[in-house]
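Everything below concerns the one structure shown next.
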Amino acid sequence: MKNIDSYTHTRGESIYLDDIPLVEGTLFGTVYGSPVAHGKILSLDVSEAAGMEGVVRVFTYKDIPGKNQIGGIVPDEPLLAEDEVHFNGMPVALVVATSTEIAQAAVKKIKLEVEQHTVVTDPRIAQKNGSLLVPPRTFKLGDSATAFSNCKYVFEGIAETNGQEHLYIETQGAYAIPAENNSIKVYSSTQGPTAVQRHMADVLGIPMHRLEIDVMRLGGGFGGKEDQATCWAIFCALATYHLKKPVKYCLHRMEDMRMTGKRNPYTSDFKIGLDADHKIIAYEATFYQNGGAAADLSPAVLERTLFHCTNSYFVPNVTATAYSCRTNLPPNTAFRGFGGPQGMFVIEAAIAKAAEELGITAAEIQQKNLLKNDDEFPYGQKAASEAGACWQKATTLYEIEKIKRDIAVFNASHTLHKKAVSFMPICFGISFTKILMNQARALVHVYMDGSISVSTGAVEMGQGVNTKMLQVAATMFSVSANRVKVNSTNTYRIANTSPSAASATADLNGKAVQIACEKIIERMKEVAAGMLQCETTVISIKDEKVFISNEPSSLTWNELVMASYLKRVSLSEHGHYATPGIYFDNTKEKGHPFAYHVYGTAITTVTVDCLRGTYEIDAVNLVHDFGTTMNPIVDKGQIEGGLVQGIGWMTMEEIVYDDEGRLRSNALSTYKVPDIYSVPKELSIHYLETKNDNLAIFRSKAVGEPPLMYGIGAYFALRNAIKAFNPDSNIGFSAPMTAEKVLLGLYSSKNAG
Ligand code: MTE
Ligand code: HPA
Ligand code: MOS
């Protein structure tokens, strides 16, 4: 089945926030963000802005009727600055005017006087200053200190990954419309409608039941709208609350890039110990996460870094410590992989370092240490591993020996171009790491004409979750897909939703749909049994017909639906699902936090132009563990998109803040994202279909985030190509591997002082 949105997307008919017809009298907001990254506010003068023609009102923290607080995990984030600013772009005032142009012009007239304080952008410095967002955490397995003394080889180093701009095509935004009795309806481009509703209620000092948050779909979220869509919706609602007028605010791209947080950059120390046989015996890592000026989701991101610090390898002795460091950058946040990629990069760097020192390929170490069934992760869960199967399949299917031979032949005959290959195995845990978030609800109605309506807490952001929800209902009822409609995500239909995140949206909401459908079917079967004078147990519904002991009866779906209604049997159900069997003890840092893991292996080959430092990704050939995919086309799209997004993070996307905490890569002229030319020339995806039972919806494993981590392979392939040109090159482990860095690496030397 194709993505159900493909038709309206192609025709430009899909409705995003900015396509919602405006209500008469709509006003437009724009936020004034702090021009400096850190300091004490001495004075704020909005009088000139407020006096401009067309400006309706300028709001500051003084206009907040409830709490000036939007921190989700730690209450450390004001909606509007009071007496201090902590990052460049931090919201200080909200201008509401009759047009966006006027609001933007008025913002330029606001004057803020600040006594400037020291700006910290480096997480290591923040950690030294004791400036942490939350206390550090350590995951431990075995005894790494003792184990190192028994290792034949021990290597140490530093690995760094930069942030990443989400660059959802649709920028952040919201549209609030007043309703009667101080209620407000808010259209929000958010992954977390309940987060918007909850914080909005706190800020406005009104109960959640007065706030209807509605989400049709997002033009991309990628984690950037898990938490950070909230403030824009509250800005609109705050103005609506006071003015009793509809208020809309869609951010300009440059506002969005400057004011919102990104993937957390990390700098990390690693130490890896191997025995004579190249088995990894011990691993230590210390992660310094650049959290930005408020906690936002960084503590949860940090946790997932620890969960994935050994990627898909078994290491018997591990000590991993992570610091979430407070800096004067916009609060960093969720981004596809949610800290996992940052953790995985470090152990891949450690393995690459060991391989280089030992004069072997990283693949030899990687393969030897892949997780096997029942191997223990540092957090106590036992693996049900497909790591070996994926690796094995990839090497045979894609003929790794031939790839290597071809590269050797090419490199021998080319002096100014070098090719290289890398392996990137992945292992990603599926579930929110916070156990309580692993719940979802769905509301299913069968209308008397036999059509079906499905509402869930799932937010469609391009990942195809609505298509999957529709498939679940159509499959459960065994009716044709065009009988089912999936509705917008709305807090009046579905309450207390977890954000659509952690790749778990289809599993959690799909299971809730499944449960709701089962209950309706059960009741309909009873009706059918009464009508057909047989036992309920022999009734089944298939292809819109009722069957008795697998023999078709004359009763159709439509007739049974109408009969159930006439008999006053409910054709509606609210399904609730909570992932069974998961738990985690934060005091011991042990448990079974994930419903299951997703595995895979990517083989990446690249060609570097050794004169220019430019490069091409020749091929990514991968084997991915799907369980049993319920939608091969949608899942293929997720693999392709995730992979290219990962390649972008690892190779070209370079966020630059200056020492004053000002974003210099603040537009698409200075921030390069992958385009069609960056896509690997060859991309093969093999679906590893496994028979084992799992907790995924229809055994179709979650696919949203894991493929991003295949992109890490591009970094290490480029590194290998530089080494092929210049074995003496002195290149650390610092992503992204931009063309500039490649060029410097090609002509660097370990002995150059
Ligand atoms: N795919 C598209 N097209 N757009 C997105 O915003 N977000 C990614 C991934 N794939 C995203 C996407 C992220 S960060 C997550 S967590 C998952 O989709 C969320 O959706 P899922 O839980 O349904 O996989
Ligand atoms: N993944 C994504 N988002 C989250 C998580 C997680 O594990 N925990 C809280 N928000
Ligand atoms: Mo995805 S980073 O969990 O929204």
Side-chain angles (χ1 to χ4, degrees), residues 3 5-6 9 72-73 164 166-170 189-192 194-195 215 217-229 261-264 295-308 332-343 428-438 440 456-469 472 489 497-511 579 582 584 593-595 598 630-631 634-646 649 696-697 700-709:
N3 188 317
D5 281 346
S6 50
H9 277 3
I73 298 178
Q164 186 175 22
H166 299 88
L167 219 91
Y168 22 65
I169 294 176
E170 178 194 38
S189 179
T190 181
Q191 293 173 238
T194 293
V215 189
R217 62 166 64 72
L218 315 186
F222 306 111
K225 296 172 182 170
E226 180 173 341
D227 217 51
Q228 300 214 351
K262 314 182 187 315
R263 182 190 291 285
N264 294 93
D296 192 273
L297 289 165
S298 290
V301 171
L302 188 83
E303 183 173 64
R304 198 174 269 277
T305 300
L306 291 170
F307 280 120
H308 293 87
N332 287 315
T333 194
F335 196 135
R336 207 171 195 170
F338 205 76
Q342 292 96 318
F428 197 77
I430 302 302
S431 286
F432 285 96
T433 55
K434 195 164 181 63
I435 302 295
L436 82 85
M437 294 175 80
N438 295 287
T456 72
V459 169
E460 176 62 53
M461 53 187 127
Q463 87 279 41
V465 72
N466 280 357
T467 305
K468 290 184 176 179
M469 295 305 98
V472 173
T489 316
T497 60
S498 291
S500 287
S503 306
T505 317
D507 283 359
L508 297 172
N509 293 277
K511 296 243 179 186
T579 314
I582 50 172
F584 197 70
F594 297 118
V598 172
M630 67 184 283
N631 194 320
V634 165
D635 286 357
K636 184 177 178 218
Q638 286 295 291
I639 302 260
E640 291 173 347
L643 168 70
V644 174
Q645 202 166 32
W649 174 51
I697 179 70
S700 178
K701 284 191 173 184
V703 70
E705 294 166 285
L708 181 129
M709 284 149 269

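Scope of the values below: all heavy atoms of this structure, side chains included, with no hydrogens, waters or symmetry mates. Numbering of ligands and ligand atoms starts at 1, following listing order. If you're wondering where the values come from, they're calculated on a predicted model, not measured in any experiment.
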Quick check: are there more than 12 heavy atoms from other residues, nucleotides or ligands sitting under 6.0 Å from CG of L436?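 Counting other residues, nucleotides and ligands, CG of L436 exceeds 12 neighbours.
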Is it the side chain (CB and beyond), the backbone, both or neither of F432 that lies under 4.0 Å from ligand 2, heavy atoms counted?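 Both parts.
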Please tell me if the side chains of [X] and [Y] come closer than 4.5 Å, counting only heavy atoms from C-beta onward.
{"X": "K468", "Y": "I697", "value": "no"}
{"X": "V703", "Y": "V598", "value": "no"}
{"X": "H166", "Y": "F335", "value": "yes"}
{"X": "Q191", "Y": "L218", "value": "yes"}
{"X": "M630", "Y": "V472", "value": "yes"}
{"X": "Q164", "Y": "K262", "value": "no"}
{"X": "N509", "Y": "V465", "value": "no"}

Provide, to 0.1 Å, the distance between [atom] and the closest protein heavy atom, together with that atom's residue and name.
{"atom": "atom 1 (Mo) of ligand 3", "result": "E705 OE2, 3.6 Å"}
{"atom": "atom 4 (O) of ligand 3", "result": "Q191 NE2, 2.9 Å"}
{"atom": "atom 8 (C) of ligand 1", "result": "R336 NE, 3.8 Å"}
{"atom": "atom 2 (S) of ligand 3", "result": "R336 N, 3.1 Å"}
{"atom": "atom 3 (N) of ligand 2", "result": "E226 OE2, 3.0 Å"}
{"atom": "atom 12 (C) of ligand 1", "result": "Q638 OE1, 3.6 Å"}
{"atom": "atom 15 (C) of ligand 1", "result": "E705 CG, 3.9 Å"}
{"atom": "atom 9 (C) of ligand 2", "result": "M437 SD, 3.6 Å"}
{"atom": "atom 3 (O) of ligand 3", "result": "A502 N, 2.7 Å"}
{"atom": "atom 19 (C) of ligand 1", "result": "M461 CE, 3.6 Å"}
{"atom": "atom 17 (C) of ligand 1", "result": "G704 CA, 4.1 Å"}
{"atom": "atom 5 (C) of ligand 2", "result": "F338 CE2, 3.3 Å"}

For ligand 1, is any non-hydrogen atom under 4.0 Å from [X]'s backbone (N, CA, C, O), its side chain (CB onward), both, or neither?
{"X": "Q191", "result": "neither"}
{"X": "A458", "result": "neither"}
{"X": "A334", "result": "neither"}

Taking the six-membered ring where the residue is Trp, are the ring centres of F338 and H308 under 6.0 Å apart?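 No, the ring of F338 stays outside the 6.0 Å limit from the ring of H308, centre to centre.
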Does ligand 1 have an atom under 4.0 Å from some heavy atom of G641?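 Flag not set, G641 not near ligand 1.
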Check contact between G220 and ligand 1, using heavy atoms of the residue and a distance below 4.0 angstrom.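 For ligand 1, residue contact (heavy atoms, under 4.0 Å) with G220 is present.
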Ligand 2 to E705 polar contact by distance, N or O atoms, under 3.5 Å: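 No.
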N/O of [X] under 3.5 Å from N/O of ligand 1, yes or no?
{"X": "T505", "value": "yes"}
{"X": "F222", "value": "yes"}
{"X": "A504", "value": "yes"}

Interatomic spacing from CG in N332 to CG in D296 - rounded to 0.5 Å: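 Between atom CG of N332 and atom CG of D296 there are 8.5 Å.
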Would you give the length of the straight line joining atom OG1 of T433 to atom CD of E303, rounded to the nearest 0.5 angstrom?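 If we round to the nearest 0.5 Å, T433:OG1 and E303:CD are 4.0 Å apart.
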Out of G637, A502, G462, G642, who is nearest to atom 16 (S) of ligand 1 when you count heavy atoms only?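 Answer by nearest heavy atom: A502.
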Would you tell me which option among A502, A334, P299 has the nearest heavy-atom contact to atom 1 (N) of ligand 2?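 Of the listed residues, A502 has the closest heavy atom.
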For [X], the ligand 3 atoms whose distance to one of its heavy atoms is below 4.0 Å:
{"X": "G223", "answer": "2 (S), 4 (O)"}
{"X": "A501", "answer": "3 (O), 4 (O)"}
{"X": "F335", "answer": "2 (S)"}

Minimum-distance pair of heavy atoms, taken over all atoms of S503 and E705: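 So the two residues come closest at OG-OE1, 2.7 Å.
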If I compare all heavy atoms of K225 with all of S189, which pair ends up nearest, and what's the gap?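 For K225 versus S189, the nearest heavy atoms are NZ-OG, 3.1 Å.
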Any donor and acceptor pair, going by atom type alone, linking the side chain of S431 with main-chain N or O of A595 inside 3.5 Å?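 Indeed, once roles are kept as given, a pair shorter than 3.5 Å links the two residues.
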Under 4.0 Å from a heavy atom of [X]: which atoms of ligand 1 are those, numbered in the order shown and with their elements?
{"X": "G221", "result": "5 (C), 6 (O)"}
{"X": "Q463", "result": "1 (N), 2 (C), 3 (N), 10 (N), 12 (C), 18 (O), 20 (O), 21 (P), 23 (O)"}
{"X": "G223", "result": "14 (S)"}

Mind checking whether F307 and F584 have parallel, tilted or perpendicular rings, split at 30° and 60°?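 Aromatic pair F307/F584 classed perpendicular.
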Using a 4.0 Å heavy-atom threshold (strictly under), name the region of E226 that reaches ligand 3: side chain, backbone, both or neither.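 It is the side chain that touches ligand 3; the backbone stays farther off.
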